[in-house]
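The structure appears below as structure tokens.
Keep in mind that what you see is a predicted model, and the values were worked out from it rather than measured. In listed order, ligands and their atoms are each counted from 1.
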Amino acid sequence: MSRILNVALGQLGPIARADSRQRVVGRLCELMREAHACGAHLIVYPELALTTFFPRWYIEDQDEIDSFFEREMPNAATQPLFDLARALGVGFYLGYAELATEAGKPARYNTSILVDRQGRIVGKYRKVHLPGHREHEPWRRFQHLEKRYFVPGGGFGVSEAFGGKIGMAICNDRRWAETYRVMGLQGAEMVLIGYNTPVHNAPAPEHDDLSLFHNQLSMQAGAYQNGSWVVGVAKAGVEEGVDSIGGSCVIAPSGEVVGACLTKGDEVAIARCDLDFCAVYKRTTFNFDAHRQPHAYRMLVERRGETLMADGSPVAAAGCD
Ligand code: ING
């Protein structure tokens with residue numbers, strides 16, 4: 001008996017700085033109702049889906065920064081979404097800014113949760129790869145201060161949910177091969193990824209015309225090389241003057257795109273995902289136990305970046321030819 005999971009892309013258009021949580025949650029509920037009408041079991045929302053993408057601004061007042069964070073989940077503003085999930089039997093992935101307390105001190109994460117069809121939180125993930133910069137860089141058209149406002153999460157996990165093994169990542173994580181492989185080694189059959197990706201990348205404007213291509217390329221590679229479904233969902237459109245890509249899509253373990261949104265606004269698209277199809281890749285080409293050679297990969301965890309000599313040439317690691 002195949003394990004079919006009907007997944008909905010819950011793409012969001014812009015969220016204004018002044019939009020209340022209540023107004024946004026109303027949009028999320030509307031998307032969930034539409035997904036349910038299409039037979040979805042799960043809907044995936046973007047990264048930081050409750051507020052505008054505030055790392056685009058240099059904000060000095062900590063209270064103002066913290067106004068974009070959630071102190072508990074669910075809370076009064078998001079409870080209606082959990083209630084609707086339970087009423088309709090539709091689970092969800094939701095990205096939000098988390099203000100946690102660790103050893104009595106605040107810890108701020110770029111977080112996502114996985115909620116099952118009974119409305120229970122069954123997974124939580126904190127973004128590992130924080131892109132952008134830490135200090136105010138006025139030369140940029142807009143800031144990207146995730147390194148200032150968040151601390152990195154501890155790693156990638158996989159939840160037993162929706163009849164399979166479901167992993168989570170957030171935005172920039174999708175560009176790093178390690179993200180998918182660490183979850184692939186835990187048997188992930190589907191990886192859910194919300195994102196906010198500006199069209200313009202200030203440090204490398206020559207990438208701008210390729211932003212949608214790089215979005216899809218990264219997720220297709222991750223899906224195929226780990227025999228996993230990958231679901232990527234955008235917060236899209238011109239949000240507070242910054243244009244972000246759409247490109248929300250569902251990618252099969254083959255690497256093929258099997259569902260996609262067409263607009264840059266609030267939009268639902270559906271894909272019928274057979275989790276048993278993962279085996280067509282995980283038990284053959286990407287049978288990790290049969291083919292991987294960890295002794296050759298040691299550098300992956302021993303180095304952060306290239307170890308360069310004074311003259312700029314990379315140091316040859318021991319044992320290399
Ligand atoms: N956004 C972007 C992303 O990785 C970015 C940041 C854009 C990095 C373009 C590199 C190139 O999709 C987030 N929120 O990570």
Side-chain angles (χ1 to χ4, degrees), residues 9-15 17 44-59 65 68-69 93-98 108-113 125-135 137 139-153 156 167-180 191-223 230-249 251 260-261 264 304-305:
L9 299 166
Q11 177 178 287
L12 283 175
I15 297 178
R17 186 170 190 161
V44 181
Y45 296 121
E47 168 195 32
L48 295 178
L50 297 175
T51 66
T52 197
F53 187 78
F54 62 92
R56 68 166 64 89
W57 297 299
Y58 176 68
I59 302 169
I65 295 169
F68 293 102
F69 284 76
Y93 161 112
L94 180 73
Y96 64 94
E98 177 193 9
R108 295 175 178 82
Y109 296 103
N110 187 340
T111 295
S112 67
I113 51 172
Y125 167 70
R126 290 159 165 173
K127 188 174 183 179
V128 166
H129 298 98
L130 299 171
H133 48 104
R134 196 179 307 280
E135 302 307 326
E137 295 186 2
W139 61 270
R140 293 169 180 254
R141 271 188 236 163
F142 49 86
Q143 305 297 298
H144 199 112
L145 288 161
E146 291 193 61
K147 292 185 193 299
R148 185 182 187 85
Y149 297 142
F150 303 115
V151 292
F156 304 98
M168 291 189 279
I170 299 175
C171 204
N172 194 255
D173 289 324
R174 76 191 187 287
R175 300 181 190 276
W176 300 94
E178 294 88 344
T179 299
Y180 305 94
V191 176
L192 312 179
I193 309 174
Y195 58 86
N196 290 252
T197 301
V199 172
H200 175 62
N201 183 26
E206 55 272 48
H207 298 183
D208 293 4
D209 289 348
L210 296 169
S211 51
L212 277 169
F213 168 67
H214 288 155
N215 172 59
Q216 190 165 304
L217 174 68
S218 302
M219 295 192 288
Q220 285 181 291
V230 172
V231 182
V233 179
K235 166 113 76 54
V238 181
E239 183 178 274
E240 297 292 340
V242 175
D243 188 11
S244 286
I245 66 167
S248 303
C249 61
I251 297 163
C261 288
K264 292 181 73 168
R304 179 188 301 274

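- Within the structure, no pair that satisfies the salt bridge (charged side-chain N to carboxylate O under 4.0 Å, His left out) test touches residues 194-211, not counting sequence neighbours.
- For the pair K235 (side chain) and T51 (backbone), a donor-acceptor distance under 3.5 Å is present.
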(message) For F150 and F69: C-alpha separation, side-chain torsions, deciding distance, then whether ring pair (Phe, Tyr, Trp, His ring centres under 6.0 Å) applies.
(response) CA-CA 11 Å; F150 303 115; F69 284 76; 5.7 Å; yes
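- In this structure, ligand 1 sits under 4.0 Å from heavy atoms belonging to E47, F53, K127, P131, H144, E146, C171, N172, R174, R175, N196, T197, N201.
- The residues R56 and E240 are annotated as not salt-bridged, no charged nitrogen and carboxylate oxygen being separated by less than 4.0 angstrom.
- Here the two rings, on F213 and H207, have centers that are 6.0 Å apart or farther.
- The aromatic rings of Y149 and F54 are tilted relative to each other, their planes meeting at an angle between 30° and 60°.
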